[in-house]
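Below: the structure, in structure tokens.
When a ligand or atom number is given, it counts from 1 through the structure's own listing order. Index from 1, following the sequence.
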Amino acid sequence: MEKVCDAAEVPPGAMRGFMVQGRKILLANVAGQFYAMDAVCSHMQGDLSRGKLQGTIVTCPVHGSQYDVTNGKVFRNVSWAVKTFTRKSATDLATFRTEVKEGAVWVGV
Ligand code: FES
């Protein structure tokens, strides 16, 4: 596990990107519970930390695919038009364990 930030830096409803052991991780706070998953969109490498978090769903800022931060699964894939044009769909992302200790968030990669 690696310490990534103070818990107060990512308040409820917010998310941020961090590098953890060379991997770009998205840390999201959903109603006080922290979730971590890959921050790089599986479709065409959009930076999910620049997307939008609504509840447990993060939307990629590039083509709008959506993932559930609690399990890394694709919630809504790219549109048919985007899929046809790019010849690629989004696929599920890896998630990582989180722990809060003494006011800091730790992530296991
Ligand atoms: S790069 Fe994320 S949906 Fe295309």
Side-chain angles (χ1 to χ4, degrees):
M1 303 277 288
E2 189 169 307
K3 180 180 172 181
V4 294
C5 65
D6 289 333
E9 291 177 56
V10 186
M15 62 178 183
R16 271 184 64 182
F18 294 94
M19 289 301 289
V20 181
Q21 292 174 20
R23 193 164 184 152
K24 191 155 191 191
I25 298 299
L26 181 76
L27 182 70
N29 182 336
V30 179
Q33 179 71 47
F34 287 94
Y35 297 95
M37 71 173 193
D38 273 326
V40 180
C41 181
S42 60
H43 177 237
M44 293 185 79
Q45 280 120 38
D47 181 356
L48 296 175
S49 69
R50 294 181 181 275
K52 194 170 179 183
L53 180 67
Q54 289 173 295
T56 66
I57 304 299
V58 60
T59 302
C60 178
V62 184
H63 306 107
S65 66
Q66 295 181 316
Y67 300 87
D68 189 326
V69 295
T70 67
N71 56 22
K73 302 231 177 276
V74 173
F75 178 75
R76 191 187 75 189
N77 218 308
V78 292
S79 67
W80 175 84
V82 169
K83 184 179 172 184
T84 302
F85 185 69
T86 61
R87 300 179 183 207
K88 204 167 184 287
S89 299
T91 54
D92 298 343
L93 294 172
T95 55
F96 308 97
R97 281 188 309 125
T98 66
E99 205 174 306
V100 178
K101 278 189 282 189
E102 296 167 2
V105 185
W106 296 68
V107 173
V109 173

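Side chain of Lys24 to backbone of Leu48: no donor-acceptor contact under 3.5 angstrom is found. No donor-acceptor pair closer than 3.5 Å links the side chain of Asn77 to the backbone N or O of Ser89. Of the possible polar contacts, none joining the Thr56 side chain to the Thr70 backbone as a donor-acceptor pair under 3.5 Å is found.
Contacts with ligand 1 closer than 4.0 Å are made by side-chain heavy atoms of Val78 only, the backbone lying farther away.
Here CZ of Arg16 is found 5.0 Å from CD of Glu9. Values are rounded to the nearest 0.5 Å. Here the CE-CD distance, from Met1 to Gln21, works out to 10.5 Å after rounding to the nearest 0.5 Å. Met15 CE to Arg50 CZ: the interatomic distance, rounded to the nearest 0.5 Å, is 10.5 Å.
Taking every heavy atom of Gly46 and a limit of under 4.0 angstrom, the matching atoms of ligand 1 come to 1 (S). Of all atoms in ligand 1, listed by their number and element, those nearer than 4.0 Å to a heavy atom of Cys60 are 1 (S), 2 (Fe), 3 (S). Of all atoms in ligand 1, numbered sequentially from 1 with element shown, those under 4.0 Å from a heavy atom of Ser65 are 2 (Fe), 3 (S).
Put simply, Cys41 stays out of reach of atom 4 (Fe) of ligand 1, with no N, O or S atom under 2.8 Å from it.
Counting just the N/O/S atoms of His63, the one with the shortest distance to atom 4 (Fe) of ligand 1 is named ND1. Nearest N, O or S atom of His43 to atom 4 (Fe) of ligand 1: atom ND1.
In terms of protein heavy-atom proximity, atom 1 (S) of ligand 1 is closest to Met44 N, 3.3 Å.
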